[in-house]
Enquirer: 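Attaching a single structure in structure tokens format; questions to follow.
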Amino acid sequence: DSDITSDINTITNTPGVNEILTIQNQLAILDTKHQEKPATTRVLAYIAQLLPQGAKISQIEVDFNENTLSISGETNGINETNKFADTLKFVEFTSDTELVGRVFSEVVLGSYDTQTSTSNYSIMMKFDPRIFNNQEKIALKIPGIISTRSDTEKPVIEFTKPVENPNSEGEE
């Protein structure tokens with residue numbers, strides 16, 4: 001009996017014991033904790049919007065502490081792999097219809113190999129943590145771009161008719 005009395009006194013003298021022990025207070029904390037956690041269910045929805053047709057995923061790794069994402073899989077060739085990586089570099093997002101910015105940064109095509117008709121790939125990137133904010137409605141804005149270097153950095157060269165030399169009247 002004295003042990004029980006001693007333990008009860010220890011518990012009742014603990015600061016904030018009512019907040020610790022009451023279910024009501026624990027329930028009040030749940031909403032706050034739920035809002036703090038990332039909306040992890042969005043991962044597959046985002047990937048589904050960005051993945052090129054015919055591409056396959058073998059592995060996805062997401063680190064919400066470091067805000068990193070890694071995707072591995074197979075595409076229909078190295079050109080499709082490059083388009084996928086470039087699309088990831090340029091995709092933007094909106095929050096409540098306001099353009100916020102780029103979704104991914106530091107997009108790196110870590111590895112790839114080419115076989116006869118397919119290409120295995122591994123792409124690593126950092127993501128903006130706001131895209132997984134439970135309290136915001138996020139929409140991706142996927143660019144319709146030609147992203148290969150030969151297209152984006154193509155110099156504009158215009159050819160014109162050759163200027164005739166006025167001093168060359170029929171001379172060859």
Side-chain angles (χ1 to χ4, degrees), residues 15-115 117-154 156:
V17 71
N18 289 335
E19 288 80 19
I20 295 170
L21 295 179
T22 63
I23 294 175
Q24 272 311 81
N25 288 326
Q26 295 301 315
L27 290 174
I29 293 172
L30 283 179
D31 281 341
T32 307
K33 291 297 181 189
H34 176 69
Q35 292 173 354
E36 290 174 1
K37 73 178 184 176
T40 58
T41 57
R42 295 180 183 173
V43 172
L44 292 178
Y46 291 157
I47 299 299
Q49 291 178 55
L50 299 168
L51 196 65
Q53 188 173 9
K56 298 176 185 172
I57 295 176
S58 59
Q59 184 174 353
I60 298 174
E61 292 181 28
V62 183
D63 184 335
F64 290 102
N65 294 320
E66 298 291 323
N67 300 325
T68 59
L69 174 66
S70 175
I71 304 171
S72 300
E74 179 182 289
T75 62
N76 292 330
I78 190 64
N79 289 339
E80 289 298 316
T81 300
N82 283 332
K83 285 180 186 177
F84 183 33
D86 287 345
T87 299
L88 293 170
K89 291 175 188 176
F90 297 112
V91 67
E92 296 176 319
F93 70 102
T94 59
S95 171
D96 301 322
T97 68
E98 178 184 340
L99 184 62
V100 178
R102 294 251 168 97
V103 174
F104 303 109
S105 63
E106 301 180 33
V107 178
V108 176
L109 181 56
S111 65
Y112 65 91
D113 68 11
T114 55
Q115 299 169 358
S117 62
T118 63
S119 175
N120 293 317
Y121 66 88
S122 174
I123 302 173
M124 286 83 58
M125 67 213 81
K126 288 190 175 246
F127 60 83
D128 188 319
R130 293 175 289 182
I131 66 171
F132 294 108
N133 184 337
N134 263 326
Q135 299 175 30
E136 294 185 56
K137 185 176 180 181
I138 302 295
L140 299 185
K141 183 179 176 191
I142 302 166
I145 58 171
I146 298 174
S147 62
T148 59
R149 292 252 188 244
S150 62
D151 286 322
T152 60
E153 295 178 5
K154 185 184 333 182
V156 177

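The figures that follow rest on heavy atoms only: side chains count, while hydrogens, waters and symmetry mates do not.
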Enquirer: Taking all heavy atoms of S70 and all of M124, pick out the closest pair and write down the distance.
Expert: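 Smallest interatomic distance, heavy atoms only, reads OG-CG, 3.9 Å.
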Enquirer: Run the side chain to side chain contact (heavy atoms under 4.5 Å, CB included) check on F90 and R102 step by step: do they pass?
Expert: CA-CA 7 Å; F90 297 112; R102 294 251 168 97; 3.6 Å; yes
Enquirer: Please give me the minimum heavy-atom distance between A55 and T75, naming the atom from each residue.
Expert: CB-CG2, 3.9 Å
Enquirer: Quick check for you: to the nearest 0.5 Å, what is the distance between D63 atom CG and L69 atom CG?
Expert: 10.5 Å
Enquirer: Out of V43, V103, N67, V100, which residue meets the side-chain contact (heavy atoms from CB on, under 4.5 Å) rule with I131?
Expert: V103
Enquirer: Is a side-chain N or O of R42 found less than 3.5 angstrom from the main chain of N133, in a donor-acceptor match?
Expert: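 A pair under 3.5 Å: yes.
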Enquirer: Once rounded to the nearest 0.5 Å, what's the spacing between atom CG of L99 and atom CD of E92?
Expert: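 Atom-to-atom, L99:CG and E92:CD are 5.0 Å apart.
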Enquirer: How far does CD of E106 sit from CG of L88, to the nearest 0.5 angstrom?
Expert: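 It comes to 14.0 Å.
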Enquirer: If you take all heavy atoms of N134 and A39, which pair is closest and at what distance?
Expert: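 Distance-wise, the nearest heavy atoms are OD1-CB, 3.3 Å.
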Enquirer: Which atoms form the tightest heavy-atom contact between S122 and S72, and what is the distance?
Expert: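 Result for this residue pair: OG-OG, 3.6 Å.
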Enquirer: Using the side chain to side chain contact (heavy atoms under 4.5 Å, CB included) rule, take I47 and I57 through it: C-alpha gap first, then chi angles, then the decisive distance, then the call.
Expert: CA-CA 9 Å; I47 299 299; I57 295 176; 3.1 Å; yes
Enquirer: Identify the heavy atoms of M125 and I71 that sit nearest to each other, and give their distance.
Expert: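 Scanning both residues completely, I find the closest heavy atoms to be CE-CD1, 4.1 Å.
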Enquirer: I'd like to know if D86 pairs up with K89 as an ion pair, taking the criterion as any Lys NZ or Arg NE/NH1/NH2 lying under 4.0 Å from an Asp or Glu carboxylate oxygen.
Expert: yes
Enquirer: Run Y46 and V91 through side chain to side chain contact (heavy atoms under 4.5 Å, CB included) and show every step you take.
Expert: CA-CA 11 Å; Y46 291 157; V91 67; over 6 Å; no
Enquirer: Once you round to the nearest 0.5 Å, how far does CG of N76 lie from OG1 of T81?
Expert: 9.0 Å
Enquirer: Checking F132 against F127 for the ring pair (Phe, Tyr, Trp, His ring centres under 6.0 Å) test, could you report, in this order, the C-alpha distance in whole Å, the side-chain angles of both residues, the deciding distance, and whether it holds?
Expert: CA-CA 9 Å; F132 294 108; F127 60 83; 5.0 Å; yes
Enquirer: Taking all atoms of both residues into account, what is the closest heavy-atom pair of N82 and L109, and its distance?
Expert: OD1-CD2, 3.7 Å
